[in-house]
Each structure stands twice: as structure tokens, then as C-alpha cells.
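Here the structure comes first, spelled out in C-alpha cells, and everything after it is commentary.
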Amino acid sequence: MPRKKLDELAFTLRVYRESVQKLDYIAGANGRSRNSEINQAINQYIARYERENGPIERAEGDG
């Protein structure tokens, strides 16, 4: 199901320069933007957590 623009949130994240440089390299190798690569990594992290611990139930309106 396509995501709505209203589902997107922006936030500030502090990251070491070397990590960002490596992230940019990986993103380029995968044909993605930095933002898309971060979203992919987060989704993989969540999926792994849910495989190991069960689904995370989220009430409507939770941030």
C-alpha cells in the first residue's frame, strides 16, 4: 500500500562524518539516495526485531 505524505516525519540525527561518508558510498552502490538508504536500513532493522520478538502493535496516533 502506498504511503501518504502525511505519514512522513522529519527529524534531526547526529552522525559521525565517517559514518555518513560510508553510508553515502553504500547508498550509491545500491542506487539510492542517502535518505532512501536510511529508510531501507530502518525497515530491515524493524523487520529483524519483529521476526525475533513478534509484531510491534502500534495504536493509531502513536508517534
Side-chain angles (χ1 to χ4, degrees):
M1 169 163 91
R3 298 198 184 238
K4 298 180 215 168
K5 196 72 165 169
L6 295 175
D7 288 337
E8 293 181 356
L9 300 175
F11 66 95
T12 302
L13 176 68
R14 288 187 217 28
V15 183
Y16 289 109
R17 183 179 312 273
E18 183 179 1
S19 295
V20 171
Q21 291 168 339
K22 290 180 179 184
L23 175 64
D24 287 345
Y25 179 90
I26 295 167
N30 289 327
R32 296 188 183 110
S33 67
R34 181 189 297 166
N35 189 75
S36 292
E37 192 66 32
I38 291 169
N39 274 308
Q40 181 68 21
I42 290 170
N43 289 335
Q44 289 175 355
Y45 180 79
I46 292 168
R48 185 177 68 211
Y49 181 93
E50 288 185 320
R51 274 194 310 275
E52 294 171 3
N53 299 284
I56 299 169
E57 299 299 325
R58 184 176 83 80
E60 194 61 38
D62 281 355

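None of the values given here were measured: they were computed from a predicted structure.
Phe11 and Val15 fall within a single hydrophobic cluster, where Ile, Leu, Val, Met, Phe, Trp and Tyr side chains are chained together by heavy-atom contacts under 4.5 Å. Residues Ile38 and Tyr25 do not share a hydrophobic cluster, defined by chaining ILVMFWY side chains whose heavy atoms lie under 4.5 Å apart. Linking ILVMFWY residues whenever their side-chain heavy atoms come closer than 4.5 Å, directly or via other members, places Leu13 and Val20 in the same cluster.
Sorted by first and then second residue, the salt bridge (Lys or Arg N to Asp or Glu O under 4.0 Å) pairs with a member in residues 25-39 read Asp24-Arg34, Arg32-Glu37; sequence neighbours excluded.
Residues that satisfy the salt bridge (Lys or Arg N to Asp or Glu O under 4.0 Å) test with Glu52, not counting sequence neighbours, are absent from this structure. Partners of Arg51 by side chain to side chain contact (heavy atoms under 4.5 Å, CB included), not counting sequence neighbours, listed by chain and number: Ala47, Arg48. Taking the side chain to side chain donor-acceptor pair (under 3.5 Å) definition, one finds that Gln21 meets it with nothing, sequence neighbours left out. Residues meeting the side chain to side chain donor-acceptor pair (under 3.5 Å) test with Glu18, sequence neighbours left out: Lys22.
In this structure, Ile56 belongs to a hydrophobic cluster whose other members, linked by side-chain heavy atoms under 4.5 Å apart, are Tyr49. Think of Tyr16 as one node in a network of Ile, Leu, Val, Met, Phe, Trp and Tyr side chains linked at under 4.5 Å; it has no links at all.
Taking both residues in full, the closest heavy atoms of Ala27 and Ser33 are given as CB-O, 3.7 Å, listed atom of the first, atom of the second, then distance.
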